[in-house]
Amino acid sequence: MRMVDIIIDKRNGKELSKQEIDFFIEGYTKGTIPDYQASALLMAIYFNGMTQKETAWLTQAMVDSGEQIDLSAISGHKVDKHSTGGVGDKITFITGPLVASVGVPVAKMSGRGLGHTGGTIDKLDSIQGFNSSLTKNVFTDNVNKFKLAVAGQTGNLAPADKKLYALRDVTGTIDSIPLIAGSIMSKKLASGADSIVLDVKTGSGAFMKTIEKSEALARSMVDIGNALGRQTIAVISDMNQPLGYEIGNANEIKEAIAVLNGKHIPDLRRLALELAAHMTVLAEVYPTYENAYLELEKNLDNGKAFHAFRTFVEAQGGNTDRIDDVTQLPSAPHHIEVKAEETGYVSDVDAELIGVAAMYLGAGRATKEDEISHGVGITLQKKYGDKVDRGDVVAILHSNTDKATDSLEKVKAAYRYSTSKPDKRAFIHKVMK
Ligand code: URA
């Protein structure tokens, strides 16, 4: 088999065979296929796409390129949840304990990573003493005993994806549905869960800015998961404005705890329940989505979901005083008010700009070497559709400096106003199976 023939076939719009895709992924991972040939194939895929069969073969080949996590020592049906990423997304800290509170094991591998705020592990690091460096045995034991554990990603999951993602980044081939779907799903499948619930974000703060593209990505990922033997469901949810009111690391933990204690923060509670309901139906704890939703709501209101979170934090060495009294979590020394510049209604809180403002404050990393500041962040006081008078506080920046001019400008730009009340927007757009 010759790589040049594979490139020519794809350039001419032909469907590649499983053998050809395996040849490419194996050769590229080992280094026997050079970057220039891989780049040419990626560009041909970018223009000509991939059939669903090709996409599933590509994903399987990327899974097979590295280690696969074996969760068989954990009893029960393991369901994983994955979000395509957004601003203020603290859903894992609500959905994880909520699902655990009804006995479904959640074995979560997470990263630190780059972004507007830190990743799941960075946020948990806001809790003094929390340890995410668990050995495989402790991780397994904790999930078996407490139904929830979160560990930092170790091991060499889908190395082919890592190499290809870096190449896509510099060859203008990131924005291809089969390549994105294969990339995300290869890492999820290598993580070993039996079923997967995907939260595919759509809107200004999401990777996919339009409903059409989000749906296409969700369709492709669901088909890959199902074709490769893991039941997969995708929920398409809005990311035009941040989720909830808090953005930052400690900030987001605080807000998640409030929801776990029964506080009705509408979008957060809704999405956490939506995802948890699908997860528990896949795990066959409840017969229907409606039934699951109603039962899970009770555990947000009766303290069981918070108890599951507290137990998990304690089991991983976290100081539970800090979550019983969230004023003990890290905070920033300066609080800078952002005021409405017009009277009317909030017609936009641009999630992307708010995310960038949070990163400028130090909540996220621009490069791998950057340090996260756990106490900084942004509290939104007003969201889409809220009425405001000129001069009302719409957001508060929690900052390590008393000026934070760059962040302030970004948050001001994120808020837009209209004279009439904007139409209600859908929050959950679609569920795809
Ligand atoms: N996230 C991924 O992991 N891969 C992509 O291709 C895009 C987003």
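Counting convention: from 1, in listed order, for ligands and their atoms alike. In this chain, numbering begins with 1 at the start of the sequence shown.
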Residue set satisfying side chain to side chain contact (heavy atoms under 4.5 Å, CB included) with Tyr417, at least two apart, ordered chain then number -> Ala340, Glu342, Val346, Val388, Val394, Tyr415
Sequence neighbours excluded, the answer for side chain to side chain contact (heavy atoms under 4.5 Å, CB included) partners of Ala357 is Ile378, Ser407, Lys410, Val411
Sorted by chain and residue number, the side chain to side chain contact (heavy atoms under 4.5 Å, CB included) partners of Ala38 (sequence neighbours excluded) come out as Phe24, Tyr28, Leu167
With a distance cut-off below 6.0 Å to the six-membered ring centre and an angular limit of 45° from the axis, does Lys383 pair with Tyr245 as a cation-pi contact?
yes
Salt bridge check: are Arg269 and Glu274 linked by an N-O gap of less than 4.0 Å? no
Enumerate, one pair per line, all nitrogen or oxygen atoms of ligand 1 lying under 3.5 Å from a protein nitrogen or oxygen, stating the separation to 0.1 Å; write 'none' if no such pair exists.
from, atom 1, to, atom 2, distance (Å)
ligand 1, 3 (O), Ser183, OG, 3.4
ligand 1, 3 (O), Lys187, NZ, 2.5
ligand 1, 4 (N), Ser183, OG, 2.6
ligand 1, 6 (O), Arg168, NH1, 2.9
ligand 1, 6 (O), Arg168, NH2, 2.9
ligand 1, 6 (O), Ser183, OG, 3.4

Is Arg425 close enough and on-axis enough to Tyr384, meaning under 6.0 Å and within 45°, for cation-pi? yes
